[in-house]
Amino acid sequence: MILGIETSCDETSVALVSPEGRVHANLIASQIETHRPYGGVVPEIASREHLDHLMPLVEKALADQSLELEELSAIAVTSGPGLIGALLVGVAAAQGLAYGSSKPLVAVNHLEGHLLSGFMRRDADARELPELFYSIVVSGGHSSIYRVDRGRVSVMNRTRDDAAGEVFDKVAKYVGLPYPGGPHVDRLAREGDASRFSFALPQFKDGAPDFSFSGLKANAIRIAEAEKVTAADDQEPTRLLRDFCASLQSAIIDQLIDRLEKVTADAPSGTPVCLTGGVAANSELRERFESWAADRDLEPLIAERAFCTDNAAMIAHAGIHKLRSGGAADALRVPAHSRWQPGE
Ligand code: KG4
Ligand code: ZN
């Protein structure tokens, strides 16, 4: 069994995954409630919370599976990208555990964890990785499409400003929805009219298929201000609020699908395309992604909701692939990187 540790942002997570990629434990201590009063993640608070929660979670995961540390085959830890103080808590703990028990330690890129998570299955071994696949990772901190060809990761596009999840969260915060806003916008959009407000699809003069969400965010906030779109705790959501959420969500998804279309233009039919990251929990995105892939004759692989948001199972799973290609590190020399592109 491989122990996975994830502390890159505001979720402390510990997982136990078999060498075949079957998830036996995936414990998550979410800090959402702690950060909610601030409307976003406070890095210093995140680090302290990881310190409090990490080792009890490791002990619980092992105890639940009746395992001793000595019985593990390896330890995989997120070593970047993320909040540096938060990462250091996980990395230092993993180093101590690996060194103390003489187990191999593997340093995993958090985004690689996400981009492989579409191959993990609940209550089953993971699927083997195909020779060629694409993966879109959309979360609160990242929006990128990757192409993986025989294990080599290429970054096909990136965001020039905000991440997709940031637009959900910041616009939601502006209208008074609780943090994080994504799931609330998702829920309200279900009964809204997406044609009420329209937003331009950004295109770059240089033709790059990059994402850009800051114009959409600014426009949405301007509309919310002009039209007085607000969400009051004690009131039924208004039609205006639902229509606003539906319009915003649909514009975000339009851009995601537009970039997918461009980036996969020469993908052979049947190529798997994975959708993952926190925003991949969005119900409209899941539906539209699936029908887009069907139209393009590509195989849609949508990550299980539990593996979309930050979790240690995806870190252990990516660690297994890295170990197979000889990627174990010297336990005492694993660094924490606040920035780190997959494939670098
Ligand atoms: O992957 P994740 O847990 O953390 C990061 O690495 O950022 O993603 C969190 C993001 C937040 O922006 C949150 O609002 C968004 O995922 N999110 C959603 C939904 N569930 C979570 N966005 C849209 N619709 C959802 N249902
Ligand atoms: Zn993430």
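Along the sequence shown, residues carry numbers from 1. Values in this document were obtained by computation on a predicted structure and should not be read as measured data. Scope of the values below: all heavy atoms of this structure, side chains included, with no hydrogens, waters or symmetry mates. In listed order, ligands and their atoms are each counted from 1.
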What closest approach, in Å, do Ile32 and Pro180 show between heavy atoms, and which atom pair accounts for it?
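Minimum heavy-atom contact is CG2-CD, 3.7 Å.
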Taking CD in Glu70 as the centre, count heavy atoms belonging to other residues, nucleotides or ligands within less than 6.0 Å. Is the count above 12?
yes
When you draw lines from the Zn ion (ligand 2) to NE2 of His114 and to OD1 of Asp310, what angle lies between them, to the nearest 10°?
90°
SB check [X] [Y] (cutoff 4.0 Å):
X	Y	answer
Asp123	Arg121	no
Asp258	Lys262	yes
Arg222	Glu225	no

Got the closest protein heavy atom to atom 21 (C) of ligand 1, with its distance?
Gly278 O, 3.3 Å
Look at the N, O or S atoms of His110, main chain and side chain alike, and state whether any lies under 2.8 Å from the Zn ion (ligand 2).
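Yes, since at least one N, O or S atom of His110 sits under 2.8 Å from the Zn ion (ligand 2).
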For [X], atoms of ligand 1 separated by under 4.0 Å from a heavy atom:
X	value
Gly140	5 (C), 7 (O), 8 (O), 9 (C), 10 (C), 12 (O)
Gly165	12 (O)
Gly141	7 (O)
Ala281	20 (N), 26 (N)

Side chain, backbone, both or neither: which part of Thr309 has a heavy atom under 4.0 Å from ligand 1?
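The part of Thr309 near ligand 1 is both the backbone and the side chain.
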Does Asp169 approach ligand 1 within less than 4.0 angstrom via side chain, backbone, both or neither, non-hydrogen atoms only?
side chain
Below 3.5 Å, N or O to N or O, backbone or side chain included: is there any such pair between [X] and ligand 1?
X	result
Gly182	yes
Asp186	yes
Gly181	no

Should the pair His114 and His110 be assigned to parallel (<30°), tilted (30 to 60°) or perpendicular (>60°) ring geometry?
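Judged by the thresholds at 30° and 60°, the geometry between His114 and His110 is perpendicular.
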Name the orientation class of the two ring planes belonging to His321 and His317 (parallel below 30°, tilted from 30 to 60°, perpendicular beyond 60°).
perpendicular
Please report whether the ring centroid of Tyr179 lies less than 6.0 Å from that of Tyr38.
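No, they do not, as the ring centres are separated by 6.0 Å or more.
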Ligand 1 contact by Gln249, heavy-atom criterion under 4.0 angstrom:
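No.
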